[in-house]
Amino acid sequence: MRIVFLGAPGAGKGTQARLLAEKHHIPQVSTGDILRAAVREGTPLGLEAKGYLDRGELVPDALMIGVIRDRIGCEDCAKGYILDGFPRTLEQARALDEMLASIGAPLDVAIDFHVPTEELLRRLTGRRVCRNCGASFNVVSAPPKVEGVCDHCGGELFQRADDNIETVSKRQKVYHEQTAPITEYYRQRGVLREVDGTRGIEEIQAELERILMGVSAAK
Ligand code: AMP
């Protein structure tokens, strides 16, 4: 199953992608994670991307399209994947479609997570992420059992550099201006499904399973 997750930063894409990937044994392809790892390791991609990440702006399309082309060409993506954070512009969405059409493996579904902006700001500024397994917590709404420690693996929790209020607001603005129009693109292609991202993690998980069952039955 080839799946795209859409929705503003903080809508829960990463959390749901991680759970779905584990359950279905397909990789979660998070372009944000790929870029943060590149920045950490100081690779040429990381050096080029760092300024954009720090400012909450989008990394240029040409660079991102290359990143995704390389990643979905890997062996572990042969049976499917969940794209979490890509595409983020219409140009990326079109390039992805072309890429997939050329190998005869089109996208199965694009799932858009809806969450009001106020809630997104609250989620992102309180977010803490596990350095080891990537699990997300929230200091207000979903705190870990022990402060600063991951419930799942005992790893250290940290606050992403771009989860401060200024950069978070910028990322929301960028989302509305550059990413939100993609929803319409996928609607017109008949692959869009929409979910209410304000509900509990398990409820959303169950709805995603229903959506995927419907999509595979229609295949
Ligand atoms: P995320 O972890 O998905 O919130 O992404 C963090 C940051 O990485 C974004 O604010 C962008 O600077 C960059 N980024 C991630 N994915 C993309 C993409 N598909 N296109 C451009 N920039 C991206």
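Counting starts at 1 for both ligands and their atoms, in listed order. Values below: every heavy atom of this structure, side chains too, minus hydrogens, waters and symmetry copies.
Taking every heavy atom of R36 and a limit of under 4.0 angstrom, the matching atoms of ligand 1 come to 2 (O), 6 (C). Atoms of ligand 1 lying under 4.0 Å from at least one heavy atom of T31, given by number and element, are 15 (C), 16 (N), 17 (C), 19 (N). The atoms of ligand 1 that sit less than 4.0 Å from any heavy atom of Q92 are 18 (C), 19 (N), 20 (N), 21 (C). If you number the atoms of ligand 1 from 1 as listed, the ones under 4.0 Å from a heavy atom of E57 come out as 11 (C), 12 (O).
Looking at R160 against ligand 1, only its side chain comes within 4.0 Å, counting heavy atoms. Within the 4.0 Å heavy-atom criterion, the part of L35 lying near ligand 1 is the side chain and not the backbone.
Of the protein's non-hydrogen atoms, R88 NH2, 3.9 Å is the one closest to atom 9 (C) of ligand 1. Nearest non-hydrogen protein atom to atom 7 (C) of ligand 1 is L53 CG, 3.9 Å.
At least one N or O atom of V59, backbone or side chain, sits closer than 3.5 Å to an N or O atom of ligand 1. In terms of polar-atom proximity, defined here as any N/O pair under 3.5 Å, M64 makes no such contact with ligand 1.
Here NE2 of H152 is found 11.5 Å from CG of N132. Values are rounded to the nearest 0.5 Å. Atom-to-atom distance recorded for L19:CG and L208:CG is 9.5 Å, nearest 0.5 angstrom.
Using a 4.0 Å cut-off between a side-chain N of Lys or Arg and a carboxylate O of Asp or Glu, R71 and D76 qualify as a salt bridge. Salt bridge absent: R94 and D97 never bring a charged side-chain N and a carboxylate O closer than 4.0 Å. Ionic pairing of E119 and R123 is present here: one or more N-O contacts between side-chain nitrogen and carboxylate oxygen are shorter than 4.0 angstrom.
No single ILVMFWY cluster, assembled from side-chain heavy atoms under 4.5 Å apart, contains both I72 and V109.
Between the side chain of R171 and the backbone N or O of D162, at least one donor-acceptor pair lies under 3.5 Å.
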